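Only a predicted model underlies this, so the values are computations on that prediction, with no experimental measurement involved.
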Amino acid sequence: MSENKTLYTSTDLSLNQANSYTLLLQVEPNSFNYAIVHGKQLLSWGENFSTDELRDPNLLRDILTANYKQVITGLAAEAFTLLPKSLYEPERANEIARLLDVKETEKVFAQELNDDNVIIYKVDESLTYAVKDFDNQSICHIDAGFIKAIPNDYPTSNTLYLSIGHDMASVVNYKYNKVRFYNTFSIKNHEELAYFCALVAKELELEPKDMRLVLSGEINDTDGYFNYLKEFFGQVRISNITVLEAPYTVPLHKLLALGALSLCV
């Protein structure tokens, strides 16, 4: 894991005014990222802190114990399935969840992902325990905001949107402004990332040379991942979707999925 680090703090940040701020959390099995926002203004951003910090704050004690107006927590899922809203019946959520092979140490959530779909997903109880003490909290799937943000880019049917983490990549495709494909893949290197993108292209019956990849997360336009993808796909670019306001020195594509959790209200 990369070193934990607070990457940005605005001079406007005052935790005495936390009751007007929103705390955003992306929580994975071993680490979490955070952002503090006031409306659309980014006030603070940090990455790769141990989930132990959520249970027993030390490095981020002031930030994690402030009294926020709202806390929006995106939890990483062990597994998930999408269901059209028209077919979803809340009383049958547990029945559908059986398809996810839920274990005793996992908890099931069912939430609207967008206007058309419900996502049913399971989360390790260690994550729900880690965030159980936050007040004014709403919990959602870790990619819920990212998926909601994509229509702002006027997606075309031959475009894949990627949110890239340290060892995971989320891939989304829209058609006629509706989610056509969404999945997550475990990746170890740039070859695996390209392979999974090609696999998605095949499933969507698209040729890699005709596809556009829009990248966000742990990537930039000079690294090996970016340059390798350019060899196989028609167009590859860094995402310019913005949901937060911050100085130009802050690479907003890197915290797109985190910042987009603010859309999950």
Side-chain angles (χ1 to χ4, degrees), residues 1 4 18 21-37 45-83 88-114 117-148 163 165-168 170 182-186 217 255 257-265:
M1 183 193 304
N4 61 67
Y21 299 162
T22 297
L23 174 66
L24 307 175
L25 298 171
Q26 272 182 323
V27 185
E28 300 182 356
N30 298 310
S31 66
F32 74 95
N33 304 330
Y34 79 88
I36 301 172
V37 299
W45 166 40
E47 288 189 336
N48 300 322
F49 288 86
S50 168
T51 49
D52 291 339
E53 186 76 10
L54 292 169
R55 303 181 186 98
D56 184 18
N58 180 20
L59 297 172
L60 300 176
R61 179 175 296 276
D62 290 345
I63 285 174
L64 295 177
T65 59
N67 182 27
Y68 293 97
K69 177 182 179 181
Q70 186 175 28
V71 178
I72 303 176
T73 301
L75 297 180
E78 296 291 318
F80 64 87
T81 187
L82 296 185
L83 194 68
Y88 176 65
E89 299 175 8
E91 61 273 13
R92 296 188 59 202
N94 288 334
E95 187 177 327
I96 299 169
R98 291 176 186 172
L99 301 173
L100 303 179
D101 188 25
V102 180
K103 300 177 176 60
E104 291 184 359
T105 57
E106 296 170 332
K107 184 174 180 180
V108 174
F109 293 87
Q111 297 160 350
E112 290 188 8
L113 186 64
N114 53 21
N117 299 289
V118 171
I119 185 168
I120 300 171
Y121 60 104
K122 65 177 185 177
V123 174
D124 192 286
E125 285 187 344
S126 63
L127 299 191
T128 59
Y129 176 79
V131 300
K132 68 182 180 64
D133 293 330
F134 286 104
D135 295 327
N136 307 319
Q137 179 176 215
S138 60
I139 288 177
C140 61
H141 187 274
I142 197 167
D143 282 330
F146 174 61
I147 293 170
K148 287 178 182 291
S163 178
H166 296 294
D167 55 7
M168 294 289 293
S170 299
Y182 165 61
N183 209 344
T184 60
F185 302 95
S186 176
L255 66 153
L258 173 61
L261 289 173
S262 61
L263 303 176
C264 301
V265 293

Heavy-atom side-chain proximity of [X] to [Y] below 4.5 angstrom:
X	Y	value
Tyr34	Leu64	no
Val123	Phe109	yes
Asn48	Asn33	yes

Report the distance from atom [atom1] of [X] to atom [atom2] of [Y], rounding to the nearest 0.5 Å.
X	Y	atom1	atom2	value
Lys148	Cys264	NZ	SG	5.5 Å
Thr51	Leu25	OG1	CG	12.0 Å
Thr128	Ile139	OG1	CD1	7.0 Å
Thr73	Leu261	OG1	CG	8.5 Å
Glu28	Ile142	CD	CD1	4.5 Å
Phe134	Thr65	CZ	OG1	9.0 Å

Run the side chain to side chain contact (heavy atoms under 4.5 Å, CB included) test on Ile72 and Leu24 for me, step by step, so that the C-alpha distance in whole Å, both residues' side-chain angles and the decisive distance to 0.1 Å come before the verdict. CA-CA 5 Å; Ile72 303 176; Leu24 307 175; 3.9 Å; yes
Using the side-chain hydrogen bond (donor to acceptor under 3.5 Å, both in side chains) criterion, which residues pair with Glu125? Sequence neighbours excluded.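 Counting only residues at least two positions away or on another chain, Glu125 forms no side-chain hydrogen bond (donor to acceptor under 3.5 Å, both in side chains).
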Could you work out, with side-chain hydrogen bond (donor to acceptor under 3.5 Å, both in side chains) as the rule, every residue matching Thr81, not counting sequence neighbours?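 Per chain and number, Thr81 pairs via side-chain hydrogen bond (donor to acceptor under 3.5 Å, both in side chains) with no residue.
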Restricting to non-hydrogen atoms, name the atom on Asp135 and the atom on Val71 that form the minimum distance, rounded to 0.1 Å.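 Looking at all heavy atoms of both residues, the shortest contact is O-CG2, 3.6 Å.
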Over all heavy atoms of both residues, which pair between Ser126 and Arg55 is shortest? Give the atoms and the distance, please.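 Taking Ser126 first and Arg55 second, the nearest heavy atoms are O-NH2, 3.6 Å.
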Answer yes or no: is there a donor N or O on one side and an acceptor on the other, between the side chain of [X] and the main chain of [Y], under 3.5 Å?
X	Y	value
Asn136	Tyr68	yes
Gln111	Ile119	no
Tyr182	Ser170	no

Salt bridge (Lys or Arg N to Asp or Glu O under 4.0 Å) partners of residues 102-114, not counting sequence neighbours, each pair once: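 Qualifying pairs: Lys85-Glu112, Asp101-Lys103, Glu106-Lys122.
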For Glu78 and Asp124, what are the C-alpha separation, side-chain angles and deciding distance, and is it a side chain to side chain contact (heavy atoms under 4.5 Å, CB included)? CA-CA 7 Å; Glu78 296 291 318; Asp124 192 286; 4.1 Å; yes
Just say parallel, tilted or perpendicular for the rings of Tyr121 and His141, cut-offs at 30° and 60°.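 Ring orientation, 0 to 90° scale: perpendicular.
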Please identify which of these residues, Leu75, Val27, Leu127, meets the side chain to side chain contact (heavy atoms under 4.5 Å, CB included) condition with Phe32.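 Testing Phe32 for a side chain to side chain contact (heavy atoms under 4.5 Å, CB included) against Leu75, Val27, Leu127 leaves exactly one candidate, Val27.
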